[in-house]
Amino acid sequence: MRAARRLHGDHALLGRLLSPARSPAPLLTCQPDRNFASKQGPKREPKVQKVKQDKQEVEIRQRMTVTALADAMNKDFDHVMEALLNTAVDLDSLEPDSVLEERWIKEVVTRSGMKFKWEKLSESRERPNREAHRKPVDPSRLVPRPPVVTIMGHVDHGKTTLLDSLRKSQVVLSEAGGITQHIGAFLVQLPTGERITFLDTPGHAAFSSMRGRGADATDIIVLVVAADDGVMNQTVESIQHARRAGVPMIVAVNKCDRLQADPQRVKQELLAHDVVCEEFGGDVQAIHVSALKGDNLLELAEATVALAEVLELKADPGGAVEGLIIESRTERGRGPMTTALVQRGTLRRGSILVAGRSWAKVRFLFDENGRALEGAGPSVAVEVAGWKDLPAAGETMLEVESEQRAKEVVEWRLQQQEQQQLLEEQEVIQLKQQQHRDQHRDQRGGLEHLSWRQRKKVLYRDHKDQFCSRPSEKTSKGGAGLPLIIKGDVDGSVEALLSILSSYDAQQQCPLDVVHYGVGDVSEYDVNMANTFSGSIYGFNVTAGKAVVQLAAKLDVPLRLHSIIYKLIDELKDELSSKLPPLKAENIVGEATVLAMFDVSVGKRKLPVAGCRVQKGQLDRRMKFRLIRGRDAVWEGSLLTLKHHKDEVQTVKLGMECGLSADGEVEFTAGDVVVCFEELDAPQVTSWDPGF
C-alpha cells in the first residue's frame with residue numbers, strides 16, 4: 001500500500017516538472033447567456049416545404065384490355081405485366097387483347113405512380129345537314145331549249161374536222177399531234193336558224209373518263225366512224241358510254257370521199273354491237289358525210305334537229321342555276337377557270353355557285369371565242385371566272401342564295417369527306433391491329449409452357465437485332481423507284497394521266513409513286529418537291545418559266561414537258577426501263593471438242609491438259625469457259641493456259657488444235673465440249689403496258 005502511494009506521488013511530481021509554466025488564471029466575469037435567458041430556447045432553421053408533384057392522370061373505363069390500358073398510360077405491354085407481378089393475376093394467360101377487371105386496372109395505375117379517373121362519355125352532336133339540293137321544277141315554266149350533242153368516236157376518225165366544218169372554224173389545226181386531248185364545247189347556229197351545243201370529246205384511249213363525262217352531259221350522241229377504217233376500240237367504248245347514259249345515237253359515217261371507203265361494211269360491223277341502222281330495220285340514223293369536203297353536213301344537222309324535236313327538250317330559264325362542270329383549269333391572270341354547261345336557269349355575273357368542295361362568285365362569263373357575256377341560258381356552254389378553288393371536272397354546279405350559304409355548303413361537304421376518310425383509315429387501322437395480334441399470337445404459339453419471364457427472355461433473344469437497329473435503318477427502302485409529280489393544263493388531263501398510271505402493274509420491277517399532282521404550269525414548288533423525293537416532273541400541255549427551268553437544271557431534276565399524251569407515256573416507260581438493272585446475256589464466241597487428255601509437268605507437279613479442236617468460232621483466253629458433258633454443265637470458269645503447239649496464245653481460230661488447262665479441279669474426258677462465251681449487259685424493259 002505504501003509502495004503504491006509512493007509510486008503515485010512520483011508520477012505526480014514528474015508531471016509537474018515536465019508541464020509548462022502556467023499563467024495565472026483569468027478572472028471569471030458572469031455574462032448573461034441569451035440561450036439560457038430566453039424562454040423559447042435556441043432558434044431553429046426554417047423547414048423546407050416539399051413541392052407536391054402532380055401525378056399523371058389516366059382515364060380508365062370498364063373492361064379495358066391490356067393494350068388499351070398501356071396506351072392510356074403511354075406505356076408498353078411489358079410495363080403492365082410488371083405492374084401485375086405478385087398479384088393474383090395469371091400473367092402467363094394474359095394477351096394484349098385480354099380484358100382486365102376493374103380492381104386490376106386501378107392496381108396497375110396506382111403501382112405506376114399515377115392516379116386514375118373515369119373516362120367521360122363523349123356526346124356526339126350531329127351537325128345539321130347543310131347540303132345544297134336541286135330545286136323542284138315547275139312544269140308550267142318549261143320552255144324549249146337547244147339540244148346538247150356530243151361527238152364521239154375513235155381517234156383520228158375526223159370528229160374535230162366534222163365540227164370545224166359545221167361551225168366554219170379551224171380547231172383541228174391548233175391541236176397537238178392532230179388529236180383532240182380535251183373536251184371542247186361550241187355553240188353552232190345552223191343556216192335554218194336552229195342552235196346546237198356541240199361537245200367534242202377526245203378519241204384517244206387515254207381519255208375514257210372524258211368520253212364518259214361527255215355522255216352524261218348530252219342529249220344526243222353523234223358517233224363518228226371512218227368509212228375506210230371501220231369500228232375500232234374507242235368506237236365500241238363510245239357505244240357503251242351511250243348505252244350506260246341512256247342517250248340516243250346518230251351514226252355519221254365519215255371520210256366517204258376516199259377511194260377505199262366502204263360505208264356498208266361499217267354499218268354491218270355496228271350490227272355486232274347491237275347498233276341497228278334504219279336500212280336494216282333499226283331506229284338509228286346513219287348519215288354518209290365527208291367532213292373535209294363538207295358533203296351531207298346539212299343532212300346530219302337536220303337529222304340532229306329532228307331527233308331533238310322528238311325528244312321534246314325543255315328547261316326552266318328563270319329558276320336557280322344548275323349545270324355541269326365540263327372542264328377546269330388555272331389561267332395566269334384569271335385564276336381558276338371552268339367550262340360549264342348550263343342545264344337550268346340563267347347564269348349571270350354575280351351569281352353564287354357551288355361545285356364539289358369549291359364555290360364561286362361569278363366575275364366574268366366568256367363564250368368559246370373569248371367574248372364576254374352578260375348571261376347564259378340552258379344548253380349554253382360558258383367559261384366561268386371567280387372560283388375560290390378549282391372544282392373537279394364532272395361536278396354538279398348549283399346556285400345558292402349568298403356567299404354565307406355557299407361557305408356553309410362547302411364546309412359541310414369537307415366535313416363529310418373528312419368523316420368518310422376517317423372511317424376508311426379506321427378500317428385500315430383495325431386491319432393492321434388484327435394482323436399485329438395474329439402475328440403476336442403466332443410468335444408466342446410455342447412458348448405457352450414457359451413462364452412470363454422466360455418467355456420475355458426468349459423473345460428478346462430472338463429479336464435482339466431488330467430491337468437494336470436504328471429507325472433510319474428500319475424505314476429505309478431498298479431498290480430503285482420513281483416518284484412522280486404530274487402537272488396538267490386542265491383537270492381532265494390530270495385525271496386521264498392518273499387513270500393511266502393506276503393501271504401500272506410492274507411495282508415488283510420498279511416502284512412507281514405519284515407524290516403530287518395538280519393543274520397549272522410547273523412551279524418552283526414542284527421542282528423542290530421533286531428534288532426532295534428524287535423524282536421526275538411530267539407536264540402535259542403546260543409550260544415552265546425560265547427560272548423554273550434553271551432551278552430544275554441546278555438541282556438535276558428531270559423536267560419532261562409534252563403536248564401529246566402518248567409521247568409522254570412513251571418517255572415515262574423509257575425512264576422506268578432505265579431504272580431497272582440490266583439483264584445478263586451470253587454471247588457464244590466459240591466451241592471446241594476434247595480429243596484427248598495428257599499431263600504436263602510444271603515444276604514438281606503435273607498439270608492436266610485437254611487437247612481440243614475448235615469446231616465453231618474461236619476460243620479467246622480472256623473470255624469465260626463452260627465444260628459441257630452430255631447435256632449437263634460440269635464446270636464454268638476461266639483458263640490457266642491456252643497453247644497452240646508449244647506457244648502461249650490469246651486466241652485459237654476455227655479448225656485449229658490447242659491445249660488448254662482449267663483454273664480449278666476439273667477432269668476432262670474425250671468427247672466433252674468446251675464452250676467459250678462472254679457475258680453482256682442487256683437493257684431491261686418494263687413489263688407495264690398501258691394499252692396504247
Side-chain angles (χ1 to χ4, degrees), residues 477-482 504-512 558 569-692:
K477 295 181 180 179
L482 181 58
Y504 183 72
D505 55 359
Q507 291 285 355
Q508 74 284 353
Q509 280 187 319
C510 178
L512 180 67
I569 299 301
D570 288 343
E571 185 165 7
L572 175 59
K573 289 171 65 178
D574 292 341
E575 186 172 4
L576 286 168
S577 300
S578 68
K579 296 280 185 180
L580 302 178
L583 296 173
K584 295 295 182 182
E586 290 185 1
N587 179 33
I588 304 299
V589 178
E591 291 183 5
T593 304
V594 178
L595 303 177
M597 287 293 301
F598 52 90
D599 295 332
V600 176
S601 297
V602 179
K604 293 184 178 181
R605 68 187 184 95
K606 291 184 178 181
L607 185 68
V609 176
C612 306
R613 179 181 288 117
V614 180
Q615 303 290 349
K616 294 180 182 179
Q618 65 178 14
L619 302 186
D620 191 333
R621 182 181 173 182
R622 294 164 295 187
M623 303 296 176
K624 287 191 173 183
F625 288 80
R626 184 181 294 120
L627 180 62
I628 306 295
R629 183 171 297 154
R631 294 186 177 182
D632 299 327
V634 179
W635 166 83
E636 185 176 310
S638 56
L639 298 182
L640 283 178
T641 59
L642 179 63
K643 290 188 177 184
H644 178 60
H645 299 303
K646 293 184 179 181
D647 300 328
E648 289 270 358
V649 293
Q650 288 290 341
T651 59
V652 180
K653 297 184 178 180
L654 178 66
M656 297 174 62
E657 294 183 351
C658 63
L660 56 87
S661 59
D663 184 8
E665 296 291 333
V666 185
E667 293 184 1
F668 292 93
T669 59
D672 289 348
V673 177
V674 178
V675 179
C676 176
F677 65 94
E678 61 177 342
E679 290 185 343
L680 302 175
D681 287 341
Q684 191 176 171
V685 180
T686 178
S687 61
W688 175 45
D689 182 14
F692 56 86

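Below, all heavy atoms of this structure are taken into account, side chains as well, without hydrogens, waters or symmetry copies.
The NZ atom of Lys573 lies 10.0 Å from the OG atom of Ser687; values are rounded to the nearest 0.5 Å. Rounding to the nearest 0.5 Å places NZ of Lys579 at 14.5 Å from CD of Gln509. Once rounded to the nearest 0.5 Å, the distance linking NZ of Lys653 with SG of Cys658 reads 14.0 Å. Remark: Leu572 CG to Leu576 CG distance equals 4.5 Å, nearest 0.5 Å. Atoms CD1 and CE, on Ile588 and Met623 in that order, are 11.5 Å from each other to the nearest 0.5 Å. With rounding to the nearest 0.5 Å, the separation of CG in Leu595 from CZ in Phe668 is 12.5 Å.
In this structure, Gln507 contributes its side chain and Leu512 its backbone to a donor-acceptor pair below 3.5 Å. Judged by distance alone, with hydrogens and angles left aside, the side-chain atoms of Glu586 form no donor-acceptor pair with the main-chain N or O of Phe677 at under 3.5 Å. The backbone N or O of Ser577 lies less than 3.5 Å from no partner atom in the side chain of Thr686, so there is not a single donor-acceptor pair. In this structure a side-chain-to-backbone donor-acceptor pair under 3.5 Å is present from Gln684 to Pro581.
Side-chain contact between Lys606 and Val600 is absent, with no heavy-atom pair separated by less than 4.5 Å. For the pair Asp672/Arg629, a side-chain contact is recorded, criterion being any heavy-atom separation below 4.5 Å from C-beta on.
Nearest heavy-atom pair across Arg626 and Ala633 is CD-CB, 3.9 Å. Of all non-hydrogen atoms in Asp505 and Trp688, the two that sit nearest each other are OD1-CD1, 3.5 Å. Between Cys612 and Leu660 the shortest heavy-atom distance is SG-CD2, 3.9 Å. Taking every heavy atom of both residues into account, Leu619 and Ala592 meet most closely at CD1-CB, 3.8 Å. Here the closest heavy-atom approach between residue Cys510 and residue Tyr504 is recorded as O-OH, 2.6 Å. Taking all atoms of both residues into account, the shortest heavy-atom contact from Ile569 to Pro690 is CG2-CG, 3.7 Å.
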Next on the checklist: Go through it in stages, so that I can follow the logic: the residues are Thr669 and Met597, the test is side chain to side chain contact (heavy atoms under 4.5 Å, CB included), and I'd like the CA-CA distance, side-chain angles, deciding distance and then a yes or no.
Outcome noted: CA-CA 7 Å; Thr669 59; Met597 287 293 301; 5.9 Å; no
Next on the checklist: Before you tell me yes or no, could you show the steps for Val674 and Val594 under side chain to side chain contact (heavy atoms under 4.5 Å, CB included), namely the whole-Å CA-CA distance, both residues' side-chain angles and the distance that decides it to 0.1 Å?
Outcome noted: CA-CA 7 Å; Val674 178; Val594 178; 3.9 Å; yes
Which pairs would a plain distance check flag for residues 641-651, meaning a side-chain donor or acceptor within less than 3.5 Å of a matching protein atom at least two apart in sequence or in another chain?
unit_1 : atom_1 : unit_2 : atom_2 : d
Thr641 : OG1    : Ser661 : OG     : 2.6
His644 : ND1    : Glu657 : O      : 2.8
Glu648 : OE1    : Arg621 : NH1    : 3.3

